[in-house]
J.: 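Sharing a structure, written as structure tokens. Questions coming.
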Amino acid sequence: MLAIVLSACLTNDPNVCRDYKIPIDADVDAMTCMVEAPPHFAKWANEHPGWQVTRWRCASTSENDI
């Protein structure tokens with residue numbers, strides 16, 4: 001299963017950054033994840049107004065680095 005991994009920083013303190021996972025449908029492959037990701041991280045950004053998305057990627061939900 002894949003997830004969208006967002007890297008986001010506080011808008012008023014860009015030195016404070018975090019990674020967040022947004023799970024996506026189980027049947028999605030990596031290419032579909034890349035195509036369908038922008039609306040998901042746009043929604044996340046709207047729900048977290050003090051944060052700015054600096055980068056994103058699609059990754060396995062089993063990654064332990066987040």
Side-chain angles (χ1 to χ4, degrees):
M1 190 160 142
L2 293 175
I4 301 164
V5 180
L6 300 176
S7 296
C9 299
L10 284 173
T11 48
N12 62 353
D13 188 356
N15 294 320
V16 177
C17 301
R18 303 276 185 270
D19 287 339
Y20 298 92
K21 278 188 180 179
I22 302 171
I24 55 174
D25 294 332
D27 296 333
V28 173
D29 63 19
M31 182 59 85
T32 304
C33 177
M34 297 295 284
V35 170
E36 294 182 359
H40 290 282
F41 65 75
K43 180 182 177 205
W44 184 94
N46 285 334
E47 294 170 351
H48 299 83
W51 294 85
Q52 181 175 354
V53 176
T54 57
R55 61 191 165 126
W56 63 273
R57 62 189 169 93
C58 293
S60 170
T61 57
S62 63
E63 275 191 22
N64 294 325
D65 62 342
I66 299 177

J.: Which atom pair, heavy atoms only, marks the closest approach of Pro23 to Ala3?
T.: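 Minimum heavy-atom contact is CA-CB, 4.1 Å.
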J.: CH2/Trp44 to CD1/Ile4 distance, rounded to the nearest 0.5 angstrom?
T.: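 The CD1 atom of Ile4 is 12.0 Å from CH2 of Trp44, to the nearest 0.5 Å.
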J.: Output all residues satisfying side chain to side chain donor-acceptor pair (under 3.5 Å) with Ser7, sequence neighbours left out; order by chain, then residue number.
T.: Asp19
J.: Filter on disulfide (SG to SG under 2.5 Å), then keep only pairs touching residues 1-31, sequence neighbours left out; what's left?
T.: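 Found Cys9-Cys17.
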J.: Using 0.5 Å steps for rounding, measure from the CG atom of Leu6 to the NZ atom of Lys21.
T.: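 These two atoms lie 12.0 Å from each other.
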J.: On a heavy-atom basis, which atom in Thr11 and which in Gln52 lie closest, and how many Å separate them?
T.: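 Heavy atoms only, the tightest pair is CG2-CB, 3.8 Å.
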J.: Can you list every salt bridge (Lys or Arg N to Asp or Glu O under 4.0 Å) pair that touches residues 44-54, not counting sequence neighbours?
T.: Lys43-Glu47
J.: Please list, chain by chain and in numerical order, all residues satisfying side chain to side chain contact (heavy atoms under 4.5 Å, CB included) with Asp13, sequence neighbours excluded.
T.: Leu10, Asn15, Val16
J.: Testing the basics here: between Ser60 and Leu2, what is the closest heavy-atom pair and its distance to 0.1 Å?
T.: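 Nearest heavy atoms, Ser60 then Leu2: N-CD2, 4.0 Å.
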J.: Show which side-chain atoms of residues 27-35 pair as donor or acceptor with protein atoms under 3.5 Å away, not counting sequence neighbours.
T.:
from, atom 1, to, atom 2, distance (Å)
Asp29, OD1, Met31, N, 3.3
Asp29, OD1, Thr32, N, 2.8
Asp29, OD1, Thr32, OG1, 2.8

J.: Report the residues that fulfil ring pair (Phe, Tyr, Trp, His ring centres under 6.0 Å) with Trp51, sequence neighbours left out, ordered by chain and then residue number.
T.: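 Applying ring pair (Phe, Tyr, Trp, His ring centres under 6.0 Å) to Trp51 gives Tyr20.
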